[in-house]
Amino acid sequence: MCIVKQAKSVLQANDRGTYTVPNDKLYPYQWLWDSGFVALGLMDMNEERAWQEIDSLMMGQWDNGMIPHIVFHQPHPTHAFGASLWDVAHPRVPTSGISQPPILSTIVRKMVESARDQKLAHTMLEKMVDSLFAYHRWYHAWRGLSKGLIATFHPWESGMDNSPAWDQPLSRIPRDYLEAYQRIDHGFAVEMAQRPTNDQYDGFMNLFFYMRKNRYDAEVLKQAPFRILDLAVNCALIRADKDLLNLAQRLNRADMIHPIEDWIKNAREGFDLLWSPEHESYLSYDLLDGAHIPVTTSASFLPLYAGCADADKVADIVKTLTRWMDQVKYSVPSTNPADPLFQENCYWRGPLWININWMIADGLRTYGFDALADRIVRDSLDVVESQGCWEFFNPFTAKGLGADNFSWTAALALYWNHTAS
Ligand code: GLC
């Protein structure tokens, strides 16, 4: 089947009317950054529906401004990881209690700029801009634990849930909070070798139960036993702050412009902390250890997406990226292929992810590395064309891994197809 037809049919099958599920079995609710990427892809199919995707996410926004990483619009009969497990009191719709990489303002700006229906885009932007601003303000106010940078309190907030970067910080946390739980990924026809081990999962759940016990209270979580300045999340927010500034300027929202400018300036000043001269790379930083996490992942290329890589460091980033690309057939692997922790088939430990490729390619173009960006887009479309819309892919063989019929893979394939035509 041609890639466009295939991608559209995946998005249609995962469409629940007002929102899209990432996958109907493994992820049968609305996820935050998934829906951001999905909305971009939907712009090619139905602009009104694309805007609705973001609007549905915002239904889950908390009074303090947080946009949660899962919105449970409808219960699911068999999925154990649902609203009742999270146990969040919300006036409109059940949600999870944490967030995910804040890409929404970036997505909304791209939607505004590419919309054929500018009137609708303007109406939706006016409707959404206060929610976006409140979301960014929540991040800066409640997660701003280091000058200009924000902290992440659970691997699930990073979006790169099973990254080897989290092994060490998770292993230090006593398993005091762990309660009995059921793994959701068992029995969904996903090969378990591609998923986290039981021990890794216990680590995630232990921290989850700690957060739930504390009612996800933003003040209490400042003392969370997992406090990371996550490189990818910070890059996503810095980029999104810049895009939100652009959106606020379009609407002449002087009340927003000054605070956003301050956030950007502070982050720019604080960002140097994430550079490790020893690794010649930007890395995440463990606040409890007071040290960089010495595992290089695909997050190390995202300072280009954020547009905040120092000129003298851009060359190092591109050198590392090129070296990784030369070691695999399909780029970009999620972990350094030379690292002993690299696993070519396992969730966030080696395979390539289409959404991260989209972010890396976007950043490369900003810095003028169009040929490298083209190569990444070509690899991404090649793996989708040969395998279908999988959740992630083996970087040597292209084999599709994780969940099949995966929405953001379909959406970004459509986006690239559309922007290239
Ligand atoms: C996994 C991924 C996360 C994604 C979610 C839904 O948990 O790690 O990034 O948002 O699945 O697709």
Side-chain angles (χ1 to χ4, degrees), residues 10-11 13-16 19-41 53-54 56-57 60 67-73 76 79-82 85-86 95-104 107 152 154-167 170 183-186 188 190 192 194-197 200-201 203-205 207-208 228 230-233 235-236 297-299 302 334-335 343 345-359 389-393 400-412:
V10 167
L11 289 179
N14 290 342
D15 187 350
R16 297 293 172 269
Y19 68 97
T20 306
V21 298
N23 167 270
D24 67 341
K25 294 187 216 64
L26 196 54
Y27 308 110
Y29 309 109
Q30 185 176 28
W31 259 259
L32 196 166
W33 72 331
D34 297 69
S35 277
F37 296 118
V38 163
L40 262 193
E53 187 75 25
I54 307 285
S56 296
L57 269 179
I67 302 184
H69 92 305
I70 311 176
V71 186
F72 302 102
H73 294 282
H76 189 275
H79 195 272
F81 215 77
L85 184 73
W86 283 90
T95 70
S96 71
I98 58 174
S99 197
Q100 253 189 342
I103 59 162
L104 286 189
I107 298 290
T152 296
H154 195 293
W156 294 340
E157 290 194 312
S158 75
M160 301 187 182
D161 305 19
N162 198 37
S163 167
W166 317 139
D167 290 358
L170 269 183
R183 278 192 70 159
I184 47 155
D185 44 359
H186 284 175
F188 280 129
V190 178
M192 291 318 289
Q194 297 165 16
R195 300 285 304 169
T197 62
Q200 281 154 355
Y201 225 89
F204 299 151
M205 293 307 290
L207 196 50
F208 163 74
I228 306 291
D230 178 309
L231 180 57
V233 174
C235 287
T297 69
S298 48
L302 296 180
S334 38
T335 298
Q343 285 176 258
N345 289 322
C346 192
Y347 189 55
W348 292 112
R349 291 178 170 260
L352 70 92
W353 290 73
I354 297 296
N355 64 328
I356 305 298
N357 278 5
W358 180 84
M359 295 167 90
C389 296
W390 288 84
E391 187 180 8
F392 46 98
F393 299 86
L401 304 165
D404 60 358
N405 296 327
F406 196 72
S407 294
W408 78 35
T409 303
L412 295 174

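Each ligand, and each atom within it, is numbered from 1 in the order the structure gives.
- Ligand 1 has no atom lying under 4.0 Å from any heavy atom of H69.
- At a threshold of 4.0 Å, the pair R195-D161 does not count as salt-bridged, since none of the basic side-chain nitrogens sits closer than that to a carboxylate oxygen.
- For ligand 1, one of its N or O atoms has an N or O atom of D161 under 3.5 Å away.
- Ring centroids of H154 and W166 are separated by 6.0 Å or more, keeping the two rings apart.
- Ranking protein heavy atoms by distance to atom 12 (O) of ligand 1, first place goes to D34 OD2, 2.7 Å.
- Aromatic pair F208/W86: ring centres closer than 6.0 Å.
- Near W33, with a cut-off below 4.0 Å to any heavy atom, the atoms of ligand 1 are 3 (C), 4 (C), 9 (O), 10 (O).
- Near P22, meaning under 4.0 Å from any of its heavy atoms, are these atoms of ligand 1: 6 (C), 12 (O).
- Aromatic ring pairs are classed by plane angle as parallel below 30°, tilted from 30° to 60° and perpendicular above 60°; the pair Y29 and F72 is perpendicular.
- Looking at W348 against ligand 1, only its side chain comes within 4.0 Å, counting heavy atoms.
- Of all the atoms in ligand 1, the ones that sit under 4.0 Å from a non-hydrogen atom of Q100 are 3 (C), 4 (C), 9 (O), 10 (O).
- Remark: ligand 1 atoms within the under-4.0 Å shell around heavy atoms of F406 are 12 (O).
- T152 and E157 are not linked by any side-chain donor-acceptor pair at a separation below 3.5 angstrom, with hydrogens and angles left out of the test.
- If you look at M160 next to ligand 1, there are no close heavy atoms at all, none under 4.0 Å.
- Counting heavy atoms only, Y347 comes closest to atom 1 (C) of ligand 1 of the residues Y347, F37, W31.
- In terms of protein heavy-atom proximity, atom 3 (C) of ligand 1 is closest to G159 O, 3.5 Å.
- Taking the six-membered ring where the residue is Trp, the centroids of F406 and W408 are separated by under 6.0 Å.
- In this model, a donor atom of one side chain and an acceptor atom of the other lie less than 3.5 Å apart for N14 and S407.
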S99 vs L32, test: side chain to side chain contact (heavy atoms under 4.5 Å, CB included). Steps then yes/no. CA-CA 8 Å; S99 197; L32 196 166; 3.6 Å; yes
